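What follows is a short report on a single structure.
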Amino acid sequence: MAQIAQSWRIEFMQAHPRLFDFMQDEPKDTFGYPLCQEGWQDVLERLCGRLEEALRDNETFEFVRIKQKFGILRIGWEGNVSEETRASIEEALALAAARSSSTCELCGAEGEKYHASEEVIVRCEKHAEGRPILETRANKRLHIVRVVAPTEPPVCILRHYDRKTDSFVGPPVDVDTTPSRRNTKIDKE
C-alpha cells in the first residue's frame with residue numbers, strides 16, 4: 001500500500017530528470033523528494049514546466065527540498081544559472097507557493113488554510129479539518145515575493161495571486177525591507 005502511495009512521486013521525478021538527481025532511478029534519501037500530499041501534484045507539474053522552460057542548455061538546476069510547511073509549498077534548490085534565469089525561477093517558485101496555499105493537499109481542489117493539531121494545512125470544504133484561518137480570505141491572496149536583483153538588502157513586493165489564471169495580477173506593492181535604524185550615538189571620550 002505504501003508503495004502505491006509513493007508511486008506518483010517517483011513517476012513525477014522520473015518525468016522531470018533535468019530537475020532531480022537520481023541514483024539508479026531511486027531518490028537519494030529525501031534529497032529533493034516531494035514531501036507533500038498528492039493534491040499538490042498539479043502545483044508541482046506547473047512549477048516544473050515553468051522551470052524547464054526557463055533553463056538554458058548550459059544551465060543546471062536541482063531540487064534539494066520540496067515540502068509543505070505552514071500550508072505552503074517550500075522549495076530549496078541548487079544550480080548554476082544566469083540572473084535572467086534566476087529571476088524566472090524565483091517567479092515560478094513564488095507562483096507555486098501561492099497556488100499551494102489555495103490548493104487542497106489531498107485532492108487538488110481550491111482550498112483554504114486550516115489549523116489542525118499543531119500544523120497549518122490546506123483543505124477544500126470536503127476535506128476540511130481543524131479550524132479555518134480567517135486571515136487567508138482577509139488578505140485576498142496577497143503573497144510576499146522576492147525580486148531577484150543585485151540589491152542589498154533583497155527587495156520584496158506584495159503580489160495578488162489569481163488562482164483562475166495561475167498568475168500574479170495587479171500592480172505590485174513595495175514592502176520595506178530596510179532594517180530599522182536606531183539612534184546609536186556613541187560618545188567618544
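Residues: numbered from 1 along the sequence shown. These numbers were taken from a predicted model, which means no experiment stands behind them. Side chains are part of it too, since the values below use all heavy atoms of this structure and drop only hydrogens, waters and symmetry mates.
- Atom CZ in Arg74 sits 14.0 Å away from atom CD1 in Ile66 (nearest 0.5 Å).
- Placement of Leu19 and Leu35 within a single hydrophobic cluster is found when ILVMFWY residues are connected by side-chain heavy-atom separations under 4.5 Å, directly or transitively.
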Check the pair Glu105 / Gln68 against side chain to side chain donor-acceptor pair (under 3.5 Å), numbers first and verdict last.
CA-CA 9 Å; Glu105 299 170 67; Gln68 186 272 45; 3.2 Å; yes
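- Taking the charged nitrogens against the carboxylate oxygens, Lys113 and Glu119 have no contact shorter than 4.0 Å, which rules out a salt bridge.
- Salt-bridge annotation for Arg123 and Glu112: absent, with no side-chain N of the basic residue lying under 4.0 Å from a carboxylate O of the acidic one.
- Within a 6.0 Å sphere centred on CD of Glu52, heavy atoms belonging to other residues, nucleotides or ligands number more than 12.
- The same ILVMFWY cluster, assembled from side-chain heavy atoms under 4.5 Å apart, contains both Val43 and Trp77.
- Identified under the ring-ring contact (aromatic ring centres under 6.0 Å, His included) test for residues 86-105, with sequence neighbours left out: none.
- In this structure, OG1 on Thr85 lies 6.5 Å from CG on Leu55, to the nearest 0.5 angstrom.
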If you apply the rule side-chain contact (heavy atoms from CB on, under 4.5 Å), what do you find for Val122 with Ile72, and how did you get there?
CA-CA 8 Å; Val122 184; Ile72 293 179; over 6 Å; no
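- Contact annotation: the side chain of Glu38 never approaches that of Leu106 to less than 4.5 Å [non-hydrogen atoms, C-beta and beyond].
- A donor and an acceptor atom, one from each side chain of Ser102 and Glu110, are nowhere located under 3.5 Å apart.
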Steps toward ring pair (Phe, Tyr, Trp, His ring centres under 6.0 Å) verdict (Tyr33, Phe63):
CA-CA 8 Å; Tyr33 188 79; Phe63 285 110; over 10 Å; no
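- In this structure, Gln41 and Trp8 have side chains that are in contact, with non-hydrogen atoms separated by less than 4.5 Å.
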I'd like to know whether Lys67 forms a side-chain contact (heavy atoms from CB on, under 4.5 Å) with Cys36, so could you lay out the CA-CA distance, the side-chain angles of the two residues, the decisive distance to 0.1 Å, and finally the verdict.
CA-CA 5 Å; Lys67 68 179 187 174; Cys36 58; over 6 Å; no
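- With hydrogens and angles disregarded, a donor-acceptor distance shorter than 3.5 Å links the side chain of Glu59 to the backbone of Arg56.
- Clustering ILVMFWY residues whenever any of their side-chain heavy atoms sit less than 4.5 angstrom apart, transitively, puts Phe70 in a cluster other than the one holding Leu73.
- Using a 3.5 Å distance cut-off with no hydrogens or angles, the side chains of Ser88 and Arg50 do not pair a donor with an acceptor.
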Start with the C-alpha gap between His16 and Phe12, add the side-chain angles, then the distance that decides, and say whether ring pair (Phe, Tyr, Trp, His ring centres under 6.0 Å) holds.
CA-CA 7 Å; His16 304 282; Phe12 165 73; 5.1 Å; yes
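- Side chains of Asn80 and Phe61 form no contact here, defined as non-hydrogen atoms less than 4.5 Å apart.
- Between the side chains of Arg163 and Thr103, a donor-acceptor pair is found at a separation under 3.5 Å.
- Going from atom CG of Asp166 over to atom CZ of Arg99 covers 4.5 Å, rounded to the nearest 0.5 Å.
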